[in-house]
Every structure is written in C-alpha cells, then in structure tokens.
Asks: 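I am attaching a structure below and will ask some questions about it afterwards.
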2 protein chains.
Amino acid sequence: MNYTISQAAQKTNLSIHTIRYYDKEGLLPFVYRENGTRVFHEQDIDWLDLLCCLKNTGMPIKDIRTLIQHCMDNDAVLEKGVAILVRHRHNVEAQLKEMQRSLDTIDYKIKHLPQMFREKFSSEASESHNE
Amino acid sequence: MNYTISQAAQKTNLSIHTIRYYDKEGLLPFVYRENGTRVFHEQDIDWLDLLCCLKNTGMPIKDIRTLIQHCMDNDAVLEKGVAILVRHRHNVEAQLKEMQRSLDTIDYKIKHLPQMFREKFSSEASESHNE
DNA sequence: TGTTGACATAGAGTCCACTCTAGCGTTTAT
DNA sequence: ATAAACGCTAGAGTGGACTCTATGTCAACA
C-alpha cells in the first residue's frame with residue numbers, strides 16, 4: 001500500500017511541513033520518489049511511527065539521523081543502530097522514573113502549597129525578616 | 001538559612017544564568033534583595049524545586065508565571081494556583097502513560113528493526129518495486 | 001590602594017524544532 | 001484550456017528556553 005505525503009501525515013499525526021522537514025534533515029533518506037513526488041510505503045509509515053516515539057521521548061533529531069544512517073549501511077552497522085535504540089530505551093526508563101518522582105513532588109506540593117505561600121506572603125510581608 | 005544565587009544554583013542544579021533568567025521572566029517575584037543582591041530563603045529553594053519539577057514535566061514558563069502570580073495574590077486566588085497544579089498533575093499522568101507506550105513501541109521495534117530494514121534495503125534495492 | 005571575586009543589569013546570540021511563504025510544476029475535473 | 005488541488009524546493013520566520021557578553025558595583029583582602 002502506498003501513500004502520498006498528506007496521507008502519511010494523517011496516519012502519523014505529523015504535519016506535511018514536519019515530514020518534509022524531517023526528510024530535509026536526513027531522517028527519511030529511503031523514501032522513494034516518482035517524478036519528484038514522495039511515495040510512502042507501509043514500512044516508511046512504520047519508521048515514521050518509531051521516529052515519533054523517539055522524538056516524543058526526547059531523542060534529538062541529529063541522533064535519530066545517526067540511527068537511521070547506521071541502519072541503512074549494512075547488517076554489521078545496523079547492530080549499532082540497535083545499540084543506540086537500546087541505550088535510548090534505558091534513557092526512557094530513567095525519564096519514566098524521574099517523571100514519577102516529579103509527580104510525587106507535585107502531589108506533595110499541592111498539599112503544602114497553601115501553607116508554604118501563606119508563610120511566605122502573609123507573615124513575611126508584615127513582620128521583619130532578620131537575615 | 002539564607003543562600004546567595006550561586007548557592008541556590010548549586011542546590012537546585014540550575015545555572016546562575018538560568019535563575020536570573022527565571023527571575024527576569026517573573027518566576028521569582030518574591031525573592032528578597034539586599035542592596036540589589038538576591039537573598040534566597042529555604043522557602044525560595046522549595047519553590048525553585050517545584051519550578052524544576054514543573055519545567056521537567058513540560059509546563060511552559062508562561063504557565064509557571066501564571067501559577068506563581070495566582071499564588072501571590074491571596075488565598076482565594078491561591079486556590080486557582082492549586083487548580084493549575086492539579087490539572088498539570090493529570091497532564092503528567094497522561095505523559096507517563098504515553099511514555100510507557102513509547103517504551104513498548106521501542107521494545108517492539110528493537111526486535112523487528114533488523115527485519116524491517118533488511119526488507120527495505122536489501123530486497124527493494126535489488127528488485128523492481130511496483131507501485 | 002588596587003586587585004580579586006561575587007554580585008548585578010541589559011541585551012545580544014544560540015540552538016532546536018518546527019512552521020510558513022513564495023513560487024513553481026503536474027494532474028484532474030468542467 | 002483553465003482553474004483547483006496537490007506536490008515540490010529554498011529559504012525566511014517563529015517561539016521557547018536558555019546562554020553568554022559587556023559593563024558596572026561593591027566588599028574584602030594583601
């Protein structure tokens with residue numbers, strides 16, 4: 001099944017502009033052209049999906065480019081690509097834990113915010129605060 | 001206990017530049033000055049910690065400013081601040097789930113990447129691919 | 001007293017990831 | 001055959017969050 005750029009955009013929830021931008025940045029070096037027009041295959045959509053995951057989990061575009069370039073070279077170097085992915089996977093796990101901690105902090109602060117700010121703005125505004 | 005800007009930077013893992021930038025952006029309107037020099041109290045460090053959590057979980061600076069402004073007004077409006085925080089909390093939960101899904105996708109792709117790219121670059125490079 | 005070091009401001013510059021515009025070509029429907 | 005719809009490129013512009021530079025003040029020390 002083949003798709004135009006606008007269909008690919010729909011399927012991936014990216015904008016047409018963004019897909020072209022990614023192509024320009026070397027993230028889609030494998031996309032075929034017919035008379036200059038991009039033709040997206042199912043596998044290209046798969047790659048765009050992975051790309052979105054990587055982007056959404058904070059991988060910078062230049063790292064994604066490195067990954068795809070490794071993948072395109074040959075099987076030996078593709079292993080490097082897998083390695084990048086595995087490393088990023090650990091990264092994402094760390095982010096998850098970090099975000100969980102942030103959530104806990106936010107919960108804690110929600111409870112203590114009123115008190116925290118009453119102390120800051122009610123008492124300290126009126127009383128002398130010796131340093 | 002009071003801190004200079006450089007001590008506050010150390011405690012929060014922000015740079016001095018960044019703290020001053022946050023102040024300029026109206027995120028630290030409550031920080032005292034002595035002869036122009038910022039003096040950070042324990043509570044200010046608490047607020048900087050929360051600020052980092054919010055920033056790390058994707059809250060834009062203008063929203064953080066709105067929050068702090070609500071908190072500074074009075075108790076009624078402080079409730080608005082709490083509401084913002086609660087809303088953001090749900091936001092972060094959604095992000096957590098999204099990131100978990102991304103992690104699953106990445107795991108799946110790690111398994112299937114070699115196959116996916118062999119199909120793309122080995123077969124299609126040599127055979128005619130009818131559209 | 002003069003140098004060092006920490007503080008300050010204003011504002012310019014950087015980096016990233018888009019996002020948009022202008023201008024052009026091709027296919028499709030009336 | 002002309003206009004609408006969609007595709008293309010090059011390149012300018014945007015927005016967010018820093019990051020850095022130039023310049024200046026002030027306090028403490030040799």
Side-chain angles (χ1 to χ4, degrees), chain A residues 2-41 44-45 47-68 88 91 95 98 102 131, chain B residues 2-41 44-45 47-68 88 91 95 98 102 131:
Chain A
N2 297 342
Y3 305 98
T4 65
I5 194 168
S6 55
Q7 289 168 327
Q10 267 195 315
K11 280 186 88 86
T12 56
N13 287 316
L14 294 168
S15 78
I16 294 177
H17 284 319
T18 303
I19 293 180
R20 285 206 268 252
Y21 164 68
Y22 287 163
D23 197 4
K24 195 157 51 170
E25 290 299 310
L27 269 43
L28 314 172
F30 47 75
V31 171
Y32 294 115
R33 302 287 188 115
E34 264 171 49
N35 306 320
T37 296
R38 293 176 188 83
V39 179
F40 293 82
H41 296 180
D44 302 336
I45 305 295
W47 168 245
L48 279 172
D49 284 341
L50 174 56
L51 199 163
C52 288
C53 277
L54 297 176
K55 175 196 76 163
N56 292 339
T57 51
M59 187 183 280
I61 276 174
K62 65 173 168 30
D63 293 3
I64 301 181
R65 178 170 42 225
T66 304
L67 170 63
I68 177 65
H88 184 66
N91 215 316
Q95 277 185 67
E98 175 68 34
S102 288
E131 334 279 339
Chain B
N2 297 342
Y3 305 97
T4 64
I5 194 168
S6 54
Q7 290 169 328
Q10 268 195 313
K11 280 187 86 87
T12 55
N13 287 316
L14 294 168
S15 78
I16 295 176
H17 284 320
T18 303
I19 293 180
R20 284 207 267 252
Y21 163 68
Y22 287 164
D23 197 5
K24 195 157 51 169
E25 289 300 309
L27 268 42
L28 314 173
F30 47 75
V31 170
Y32 294 117
R33 302 288 187 115
E34 265 171 48
N35 306 322
T37 296
R38 292 175 188 85
V39 179
F40 292 82
H41 295 179
D44 302 336
I45 305 294
W47 168 245
L48 278 173
D49 284 341
L50 174 56
L51 199 164
C52 288
C53 276
L54 298 177
K55 175 197 76 164
N56 292 338
T57 51
M59 189 184 279
I61 276 173
K62 63 173 172 29
D63 292 5
I64 301 179
R65 178 170 42 224
T66 303
L67 170 62
I68 177 65
H88 184 66
N91 215 316
Q95 278 185 67
E98 174 69 34
S102 288
E131 331 283 335

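A, B, ... follow the sequence lines: proteins, then strands. Residue 1 opens every chain. Just the heavy atoms: all of them, side chains too, but no hydrogens, waters or symmetry mates, feed the values below.
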Asks: Who pairs with A:Ser15 by side chain to side chain contact (heavy atoms under 4.5 Å, CB included), at least two apart in sequence or on another chain?
Replies: A:His17, A:Thr18
Asks: Does the side chain to side chain contact (heavy atoms under 4.5 Å, CB included) test come out yes or no for A:Leu48 and A:Phe40, once each step is laid out?
Replies: CA-CA 10 Å; A:Leu48 279 172; A:Phe40 293 82; 4.2 Å; yes
Asks: For the residue pair B:Thr57 and B:Gln95, what are the closest heavy atoms and their distance?
Replies: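 Heavy atoms only, the tightest pair is O-NE2, 2.8 Å.
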Asks: Report the distance from atom CG of A:Asp63 to atom P of C:dC15, rounded to the nearest whole Å.
Replies: 16 Å
Asks: Heavy-atom count check: over 12 atoms from other residues, nucleotides or ligands less than 6.0 Å from A:Gln10 CD?
Replies: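 No, because the 6.0 Å sphere around CD of A:Gln10 holds 12 heavy atoms or fewer from other groups.
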Asks: Assuming nearest nucleotide by heavy-atom distance, tell me which of B:Asn35 and B:Pro60 is located more 5' along DNA chain D.
Replies: B:Pro60
Asks: Under 4.0 Å from a heavy atom of chain A: give me the 5'-most and 3'-most nucleotides of DNA chain D that qualify.
Replies: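 Listed 5' to 3', the contact boundaries are D:dG7 to D:dG11.
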Asks: With a sphere of 6.0 Å drawn around CD of A:Glu98, does it hold more than 12 non-hydrogen atoms of other residues, nucleotides or ligands?
Replies: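 Enclosed: over 12 neighbouring heavy atoms sit under 6.0 Å from CD of A:Glu98.
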Asks: Within the sub-3.5 Å range, which N or O atoms of nucleotides 18-23 of chain C have a protein N or O partner, and how far apart are they?
Replies:
from, atom 1, to, atom 2, distance (Å)
C:dC18, OP2, A:Tyr22, OH, 2.6

Asks: Hey, could you give me each pair passing salt bridge (Lys or Arg N to Asp or Glu O under 4.0 Å) that has a residue in residues 49-67 of chain A? Not counting sequence neighbours.
Replies: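 Qualifying pairs, neighbours excluded: A:Glu25-A:Arg65.
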Asks: Given A:Asp44 and A:Leu28, is the side chain to side chain contact (heavy atoms under 4.5 Å, CB included) satisfied, shown in steps?
Replies: CA-CA 8 Å; A:Asp44 302 336; A:Leu28 314 172; over 6 Å; no
Asks: For B:Tyr21 and B:Leu27: C-alpha separation, side-chain torsions, deciding distance, then whether side chain to side chain contact (heavy atoms under 4.5 Å, CB included) applies.
Replies: CA-CA 9 Å; B:Tyr21 163 68; B:Leu27 268 42; over 6 Å; no
Asks: Give me, pair by pair, the N or O atoms of the protein and of nucleotides 4-7 of chain C that are less than 3.5 Å apart, along with how far apart they are.
Replies:
from, atom 1, to, atom 2, distance (Å)
C:dC7, OP1, B:Thr4, OG1, 3.0
C:dC7, OP1, B:Ser6, OG, 2.8
C:dC7, OP2, B:Ser6, OG, 3.4

Asks: Please name all residues satisfying side chain to side chain contact (heavy atoms under 4.5 Å, CB included) with A:Lys11, sequence neighbours left out, ordered by chain then number.
Replies: A:Tyr3, A:Glu42, A:Ile45
Asks: In this structure, how many angstroms lie between the P atom of C:dA17 and the NZ atom of A:Lys62, rounded?
Replies: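 That distance rounds to 8 Å.
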Asks: Does any N or O in the side chain of A:Glu34 come within less than 3.5 Å of the main-chain N or O of A:Val39, such that one atom is a donor and the other an acceptor?
Replies: no
